[in-house]
Visitor: 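Please find one structure pasted underneath; my questions will follow.
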There are 2 protein chains.
Amino acid sequence: MTIDPALLDRFAAIVGAAHALRQADDIAPYQEEPRGLFGGVTPLVLRPGSVDEVSRIMALASETGTPIVPQGGNTGLVGGQMPDENGEEIVLSLSRLNRIREIDTSSNTATVEAGVVLQVLQEAAAEKDRLFPLALGSQGSCQIGGNLSSNAGGVGALAYGTARDLCLGVEVVLPTGEVFDDLRKLKKDNTGYDLKDLFVGGEGTLGIITAAVVRLFPMPRGRELAWVALSSPEDALALFAMANDRAGGGLTAFELIERTPLAFTLAHVPGTSDPLAEAHPWYVMLEISSGRSAEDARASMEDLLTGAYEAGLVADAAIAQNETQAASFRHLRESMSEAQRPEGGSIKHDISVPVAAIPAFIARAGEAVQAVSPGCRVVCFGHMGDGNLHYNISQPVGADKRDYLALYRPMNDAVHAIVRDLGGSFSAEHGIGRMKRDELIATQPAIATDLMRRVKRAFDPAGIMNPGKVI
Amino acid sequence: MTIDPALLDRFAAIVGAAHALRQADDIAPYQEEPRGLFGGVTPLVLRPGSVDEVSRIMALASETGTPIVPQGGNTGLVGGQMPDENGEEIVLSLSRLNRIREIDTSSNTATVEAGVVLQVLQEAAAEKDRLFPLALGSQGSCQIGGNLSSNAGGVGALAYGTARDLCLGVEVVLPTGEVFDDLRKLKKDNTGYDLKDLFVGGEGTLGIITAAVVRLFPMPRGRELAWVALSSPEDALALFAMANDRAGGGLTAFELIERTPLAFTLAHVPGTSDPLAEAHPWYVMLEISSGRSAEDARASMEDLLTGAYEAGLVADAAIAQNETQAASFRHLRESMSEAQRPEGGSIKHDISVPVAAIPAFIARAGEAVQAVSPGCRVVCFGHMGDGNLHYNISQPVGADKRDYLALYRPMNDAVHAIVRDLGGSFSAEHGIGRMKRDELIATQPAIATDLMRRVKRAFDPAGIMNPGKVI
């Protein structure tokens, strides 16, 4: 089945021919996503230039029962931004809604349109001596609308919260085309149900976020980054407790890294080098920030590391001596996902458990994955301070990639069973999209699925809003 | 109309006669609320002792179409916990569900039942060297379930967030009696729609929160409290910017106080005294905390106040020299609501505006209220750092209280019009309840009301869950 060309013309007329992509070459980038797992087909990509155009598109979609797939920077990892294979869904790109409407340094807020690239917002805030703390590997191309729709996390979530925590208000175009203007700058507002947080993390299935008010923070006066070697996840947990105790709110990153992802990175990413002289089984990359001064941050970091040495938690450590070195530490961490590619197939997990359960998870999952694929290599790294690990499993050396990837489902099942047992989540920060929808429905309590379906029906009774995603 | 006594017997049998209150004297405390504005009538108060009993009550309510009004510590200020006047609503008290199920010092979480009194949780956390930062004037009697259902704010919200921000997971009994167990300890969890935040702030209209996982924080090693005199709200805003800039996340309270509420407190609350030698038009009570040490907090406070003196923002200031003096400062602030009573009728507002708009709000509202009631006395105090003021208006000296309170509606209208114009909220932290329902519906965009009604219908199609509240 296909959409009637006359109907495509009506949609195209709303945005104008120049912004209605119908040629295969133009459409191609909107049909493919980073992992190449969820390609789809669409006859039309609409690039509206105003909220009013988004509204008119949805009104026409509602009138004609046409499914719409919103798309931001197309960096999502679960296929939430992809049309399906049937060619009956229209992609609506938010990229042209890329205006920063306001930066309010008194209220510490920014009002931004959905298509603003994350890094652009970070830089605009920095120009006003403010921090927008959301930071992701994809920040050069991902967009705020997608960050909010998927409730993105990242390194900064430890101290500043996820995208949801950073969002004070939203402007949403509903499936009917109605505009829900809830662009508030208020930290406290108890006027009825929290509708905002249905759209944030709703993955575009309840409406399209076209703009948002997000929180800004004073720019830290000092930041210290350390690369610390440890012998076990248990020691990392003890170090985390000590860091919380001594640095309190100043602890702004706490990333756990196993040797394997570092080794892959050193082997495959040009220009990288090991921050420490010898190899160690585990590392933590931790950041301490101070609102007061660079000296204050340095003193706090030294106090922590001294305590950690004395407690026997730390085998070796390097504090970045300047911004260049700090950038090189961060680059190591950010390259770890990509550095897996030359090592063959990778089966990925984006899990969270209560922080205290991290060592137990690593021990149990380490055994479970060997039972699924003997010789597979655990590539464990992530936001330990949030209980969130990217627990990726690279194929055994010399294995056939296709054969290995055929184990995706049993591997996921084995790991996620442990996650469930520990009270965790099998989608900590990437969302559900197409990838995890069946598993969500299969594993969560029936009442949760029922409640989510009720919400979906209440907001999108015709089912035209990013169908087949989440629920 | 009344409920059939045989049906009351069936409800009573679920909890047992000892916990089913049917005598007028026993019921009375559950029918009256702190301000005496929203008295109602109920034939039966149920005090279930387990989640299972709550579930069976709701199943029977659902089967028989009987409206249920959940009630916690009965400290709410908008009538959300009150039955109506018709005697057809049963009150369900959560007070006996008062177990702290777990305090997890590794994950920094507490799992608590709805009926746990806020102060009891604060103290249990402190025993484990952890901070539960929610702090309210009513903390000696209000309960966690009510705090979450009304998304309570308070002084600590500035640094640690509102009740919503502090809540990681909930256990909810739905109107049907089904139990939605979402008691997660996870900071990052993107498995579908954010259902939790519908119940948090839902004021018991979508389901009954029976337990929750809340976040704990490392206990600060040092806290410094200062009472600072200023000449204007503009100077307070400049001081707030400076405090954010210099203390960053260490700024844990920033309360704005006009002279009038302090004068009322000094006049009417025995044992109070002015922290400063002379009277000043405005004050800020601010707290700086340090995760590191008492000396660190003190140095940070002195650095800030020195800077503020040099900038000409501060006329005088007292730093509490010990915990007794700090407690006396806090007592002044907490007594301000009560200290209004001897001054006659008070028309209250619980508003928020963007922080930057606080001075404009105070200037404009100050004129507007005089137009409604010449000679009325503005009693302005509140959580300025959150943009949230308790903007109360005491009657003119010598006026008739009843005549004055007849102006409640026009006074509210005048103040709330300014709030709307400034992009603010007319219910910052107390909620909607019965008190503000009509105004919510009258003043918010129709699409917001429509969306809230859709949510209400999706969760409570029979309309038995705390009817007549919120929406």
Side-chain angles (χ1 to χ4, degrees), chain A residues 104 106-107 150-151 153 157 162 165 178 180-181 184-195 197-198 201-202 218 220 237 244-250 291-292 300 352 354-356 386-388 423-425 427-432 440 444-445 447-448 451-452 454-455 458-459 470-471, chain B residues 104 106-107 150-151 153 157 162 165 178 180-181 184-195 197-198 201-202 218 220 237 244-250 291-292 300 352 354-356 386-388 423-425 427-432 440 444-445 447-448 451-452 454-455 458-459 470-471:
Chain A
D104 176 346
S106 294
S107 298
S150 61
N151 186 24
T162 65
D165 301 313
E178 292 164 292
F180 174 51
D181 179 353
R184 308 184 191 214
K185 291 183 183 177
L186 308 175
K187 189 163 164 193
K188 286 186 180 171
D189 178 22
N190 278 344
T191 47
Y193 304 142
D194 180 15
L195 301 171
D197 286 321
L198 289 174
L237 185 63
N244 266 309
D245 190 48
R246 298 199 180 200
R292 270 191 274 158
S300 187
S352 64
V355 179
D386 298 319
N388 173 202
S425 167
S427 180
E429 57 175 17
H430 296 163
I432 298 298
L440 178 70
Q444 76 176 354
I447 184 68
L451 289 175
M452 287 185 198
R454 290 192 226 173
V455 169
F459 282 74
V470 184
I471 198 77
Chain B
D104 177 345
S106 294
S107 299
S150 62
N151 185 25
T162 65
D165 301 313
E178 293 165 292
F180 174 51
D181 179 352
R184 309 183 190 213
K185 292 183 183 177
L186 308 173
K187 189 164 163 192
K188 285 186 179 171
D189 178 22
N190 278 344
T191 46
Y193 303 141
D194 180 15
L195 300 172
D197 286 320
L198 289 174
L237 185 64
N244 266 310
D245 189 48
R246 299 200 179 199
R292 270 190 274 159
S300 188
S352 64
V355 179
D386 298 319
N388 174 202
S425 166
S427 179
E429 58 175 16
H430 296 163
I432 298 298
L440 178 69
Q444 77 177 351
I447 185 69
L451 289 174
M452 287 184 197
R454 290 192 227 172
V455 169
F459 282 73
V470 185
I471 198 74

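Letters A, B, ... are given to chains in the order of the sequence lines, protein chains preceding strands, and every chain is numbered from 1. Everything quoted here is computed from the prediction, not taken from an experiment.
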Visitor: A:Thr162 and B:Lys187: which non-hydrogen atoms are nearest, and at how many Å?
Guide: CG2-O, 4.3 Å
Visitor: Less than 4.5 Å to any heavy atom of chain B: does that hold for the side chain of A:Asn244, its backbone, both, or neither?
Guide: both
Visitor: Considering only heavy atoms and a distance below 4.5 Å, find which of B:Asp104, B:Leu451, B:Asp181, B:Ile471 pairs most often with chain A.
Guide: B:Leu451
Visitor: Taking every heavy-atom pair that is under 4.5 Å apart, which of B:Ala247, B:Gly291, B:Gly250 has the most such pairs with chain A?
Guide: B:Gly291
Visitor: Measure the CG-CG distance between B:Asp386 and A:Leu186 for me, rounded to the nearest 0.5 Å.
Guide: 10.5 Å
Visitor: Could I get the full list of side chain to side chain contact (heavy atoms under 4.5 Å, CB included) partners for B:Leu237, not counting sequence neighbours?
Guide: B:Val355, B:Pro359, B:Met384
Visitor: Starting at CG of B:Leu195, measure out to CG of A:Asp197 and round the result to the nearest 0.5 Å.
Guide: 11.5 Å
Visitor: Identify which part of B:Glu178 has an atom lying under 4.5 Å from any heavy atom of chain A, answering side chain, backbone, both or neither.
Guide: side chain
Visitor: Could you have a look at A:Arg454, A:Arg184, A:Gln444 and say which one has the most heavy-atom pairs with chain B under 4.5 angstrom?
Guide: A:Arg454
Visitor: Quick one: list whatever passes ring-ring contact (aromatic ring centres under 6.0 Å, His included) with A:Tyr193, sequence neighbours left out.
Guide: none
Visitor: Picking from A:Val455, A:Asp245, A:Asp194, A:Asp165, which has the most non-hydrogen pairs under 4.5 angstrom with chain B?
Guide: A:Asp194
Visitor: Only pairs of heavy atoms separated by less than 4.5 Å count here; which of A:Ala458, A:Ser427, A:Ala428, A:Ser425 has the most with chain B?
Guide: A:Ala428
Visitor: Taking A:Ile447, A:Ile432, A:Thr191 one by one, which has the highest count of heavy-atom pairs under 4.5 Å against chain B?
Guide: A:Thr191
Visitor: Write down the atom of A:Ser300, the atom of B:Arg292, and the distance for their closest heavy-atom approach.
Guide: OG-NE, 3.8 Å
Visitor: For each of B:Ala356, B:Ser106, B:Pro445, B:Ser150, tally heavy-atom pairs with chain A at distances under 4.5 Å, and name the one with the top tally.
Guide: B:Ala356
Visitor: Could you grab the distance from atom NZ of B:Lys188 to atom CG of A:Asn151, nearest 0.5 Å is fine?
Guide: 9.5 Å
Visitor: Can you measure from CG (B:Asn190) to CG (A:Leu440) and round to the nearest 0.5 angstrom?
Guide: 11.5 Å
